[in-house]
Amino acid sequence: MKQQLQTLLATHVARMIDRGELPLAEPPAYVIEPPRNPEHGDLSTNLAMVLAKPCRKSPLELARTIVAALEVPDFVERIAVAPPGFINFTLKSGALLDVIADIVDADARYGETTQGAGSYVQIEFVSANPTGPLHVGHGRGAAYGSALTRLLRATGARVHAEYYVNDAGRQMDILALSVWLRYLQMHGMRVDLPDNAYRGEYIRDIAAALAARDGDRHLVMPALPDAGENDDAEARLDAAIAICRSSLGEERYRAVHAWACTSILDGIRDDLAAFGVEFDQWYSERSLSDTGRIAAALDRLRAHGHVYVKDGAQWFASSAFGDEKDRVVIRENGAATYFASDIAYHAEKFERGYTRVLDIWGADHHGYIPRVKAALAALGEDPARLEILLVQFAALYRGGERVQMSTRSGEFVTLRELLDEVGTDAARFFYIMRRSDQHLDFDLDLAKSQSQDNPVYYLQYAHARICSIFRQAGQVDDTQLRQGVAARARLVEKREQALAALLGRLPDVVASAARDREPHQLANYLREVAVEFHAYYNAHKILTPEPGLRAARLALCAAVRIVLANGLRLLGVSAPTEM
RNA sequence: GCGCUCGUAGCUCAGAUGGAUAGAGUACUGCCCUCCGAAGGCAGGGGUCACAGGUUCGAAUCCUGUCGAGCGCGCCA
């Protein structure tokens, strides 16, 4: 109905433009949406007010002119003009209830649209360094990216979800060193772990598993440097890595390195699977250099004249493309920087032919955006095709105090711990119910000990309650459900009309949440549906003795259940039939 | 210092490409199970939308400034 009104108004406006009644070449941007106050009708448009300025007429007068020339569709009860110039449509009550038939017909597919059809989207998220288990900070990006993937697919888009694995670089060397030192300790050697190495308990587990697999094959006396040799802790760490490499030899070092990496990656995969997050591809950073993609990307930049040498290093002239300064891509020691990998990775993404590339990053990386966009521009690509979505890290609170987290020190709450405590459903919903680009205070005590208060239970309860009603009602087969749908005109109560109107919004909400990259819009909407349903349930008896009314109400309940189930599924939250 | 993101009820947050009387959860108070699930419902108080200007029919929303908060500014990843 909304769409019919949209086309009606659109053709009307087009006609006015053709006749020269409007001093415009293109139709203006107006909206048609349900007004906040239901007393103003079922749908409302600001068309006249938007036209007022270019027409130099009063919006009220303009609205009257438009309405007078508008033919009233058969599903509209009346059209009213209200100050300062709204045009309000009140639908016939039967028309509002038609959505129940649509919902029951579409069933699991209700909420899907075609606005994203033909688009091919790549979405990269989480991409946490495999140097330790995922913690609760990563959970937010995981929940967000996963929900967004589902939302985009619901609009008909093809979506390729990807995890970029940082399996190269210094962090991984530190990890390998940390595992090796624990391994040595396990074999009775008296070696110390540097403070800035990875000290989490999981390092011991990996070392133990390495010992179980390889025995004492990596048992070599290291020559660790004295603490006093160098004042800089990071430099001492690099020296330790060098000693680790030379002590083990390249082959054994690679074995330890690979073991550490895959061990942690396996854990991350398991955690994400338990969290309901799936990827189509795990893209290895190491593969970029192995396949020569980094060199190729830098060659492309060089060919365009955007790379120069200074102080022995190679620089990309990113400041010519809006970045605040130029960036090193090849260090003086000949090693490529992380940024160089990222250039190659994004160049490769663009070559794959996506209509849209989405990166979901922690907000602390926001300063990184200009240089990546600059690189794409320098490569001759359109940076606007890359959309970088920032997720603020959740600030953790325990006992009213902020929890400081550090992967290296091993002091953090893992995603796995969170899932064990509150479950996947509560955790996912907790993350998604707020805008992801805003700071989030994650109260662990609340999430863990008082999980009853978590809003997700409110939604799931509504779903379970409906399922319970159907159990009470006995066998309601497809034929009976259709009879109830056919009898929907019996639903004359205000709450029934309001509920039906609300259910009709799901496709719009899904489309809007996908378009704005804001899954929380759907979470808020579902809460509204649950509120409306619980209120309805308390006000009116569903299972009345009167068969026709009872069937109609059951049909409405079935529609609510479908909306809740579909919406929750898009957020990655289960819809239990009983709790 | 520069840049990015913000500032809405006691607390945590919504507010749909600017719309009609700014909402919810929570907390507090009082009601509602002989009746389909009380993990629920109903009712109540609580606001100078940080502050000051500007844009226009209309601003929490857009622009400028001030104050305040978080984050970022490496040949780290």
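Letters go in sequence order (proteins before strands), and every chain restarts at 1. Please read these numbers as outputs of a predicted model, since none were measured by experiment. All values below come from the heavy atoms of this structure, side chains included, with hydrogens, waters and symmetry mates left out.
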Given the [atom1] atoms of [N] and [M], what is the spacing between them in whole Å?
N	M	atom1	value
B:G40	B:G3	C1'	49 Å
B:A24	B:C42	P	11 Å
B:A43	B:C63	P	39 Å
B:A9	B:A14	P	12 Å
B:U12	B:C2	P	30 Å
B:A27	B:A77	C1'	43 Å
B:G65	B:C13	C1'	28 Å
B:G41	B:G25	P	8 Å

Just to verify, what does A:Tyr537 make a ring-ring contact (aromatic ring centres under 6.0 Å, His included) with, not counting sequence neighbours?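 For A:Tyr537, no residue satisfies ring-ring contact (aromatic ring centres under 6.0 Å, His included) once neighbours in sequence are set aside.
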All ring-ring contact (aromatic ring centres under 6.0 Å, His included) counterparts of A:His366, not counting sequence neighbours: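 Listed in chain order: nothing, the list is empty.
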As an exercise, state the distance from CG of A:Asn166 to CZ of A:Arg286, rounded to the nearest 0.5 Å.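 These two atoms lie 11.5 Å from each other.
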Value in whole Å for how far the P atom of B:C36 lies from OH of A:Tyr461: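 The answer, rounded to whole Å, is 11 Å.
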Identify which nucleotide among [options] has an atom closest to any side-chain atom of [X], counting heavy atoms from C-beta outward.
X	options	value
A:Glu518	B:A14, B:G41, B:G15	B:G15
A:Arg434	B:U12, B:C6, B:A14	B:U12
A:Phe86	B:C42, B:A16, B:G19	B:G19

Within the distance-only criterion (no hydrogens, no angle test), does the side chain of [X] pair as donor or acceptor with the backbone N or O of [Y] below 3.5 angstrom?
X	Y	value
A:Asp359	A:Glu124	no
A:Gln115	A:Ala511	yes
A:Ser436	A:Ile432	no
A:Asn46	A:Val31	yes

OP1 or OP2 of B:A38 less than 4.0 angstrom from a side-chain nitrogen or oxygen of A:Arg465, does that happen here?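 Yes, A:Arg465 has a side-chain N/O under 4.0 Å of OP1/OP2 on B:A38.
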Would you say a side-chain N or O of A:Tyr537 is under 4.0 Å from OP1 or OP2 of B:C33?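 Negative; the distance criterion is not met.
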Which of residues 539-549 of chain A have a heavy atom under 4.0 Å from RNA chain B?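 The answer is A:His540, A:Lys541, A:Ile542, A:Leu543.
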Any idea which heavy atoms bring A:Arg495 and A:Ala535 closest together, and the distance?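 Scanning both residues, the minimum pair turns out to be NH1-CB, 3.5 Å.
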Indicate syn or anti for B:C33, taking the glycosidic torsion and treating anything within 90° of 0 as syn.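 Here the answer is syn: the torsion falls within 90° of 0.
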Does A:Pro34 reach a base, just sugar-phosphate, or nothing at all? Heavy atoms under 4.0 Å.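 Here A:Pro34 touches the bases of the nucleic acid.
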Pairing check on B:A59: which nucleotide meets the Watson-Crick or G-U wobble criteria with it, both distances under 3.5 Å?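 Paired with no nucleotide.
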Nearest heavy atom decides the nucleotide; on that basis, is A:Met433 or A:Gln392 closer to the 5' end of RNA chain B?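 In this pair, the answer is A:Gln392.
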Taking protein heavy atoms under 4.0 Å as touching, what does nucleotides 72-77 of chain B look like 5' to 3' if B marks base contact, S marks sugar-phosphate-only contact and - marks none? SSSBSB
Candidate pair A:Ser119 and A:Arg356, rule side-chain contact (heavy atoms from CB on, under 4.5 Å), full reasoning: CA-CA 8 Å; A:Ser119 63; A:Arg356 205 82 179 166; over 6 Å; no
Classify the ring geometry of A:Trp315 against A:Tyr308: parallel below 30°, tilted from 30° to 60°, perpendicular beyond 60°.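 A:Trp315 and A:Tyr308: parallel rings.
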Look at the aromatic rings of A:Phe316 and A:Phe339 and report parallel, tilted or perpendicular, splitting at 30° and 60°.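 Correct class here is tilted.
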Please name all residues satisfying side-chain hydrogen bond (donor to acceptor under 3.5 Å, both in side chains) with A:Thr577, sequence neighbours left out, ordered by chain then number.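 A:Thr577 satisfies side-chain hydrogen bond (donor to acceptor under 3.5 Å, both in side chains) with no other residue.
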Go through A:Leu237 and A:Leu177 one step at a time and tell me if the side-chain contact (heavy atoms from CB on, under 4.5 Å) criterion holds. CA-CA 9 Å; A:Leu237 198 57; A:Leu177 169 73; 3.8 Å; yes
Mind listing the N/O atom pairs, protein and nucleotides 56-63 of chain B, below 3.5 Å?
unit_1: B:C57; atom_1: N4; unit_2: A:Met49; atom_2: O; d: 3.3

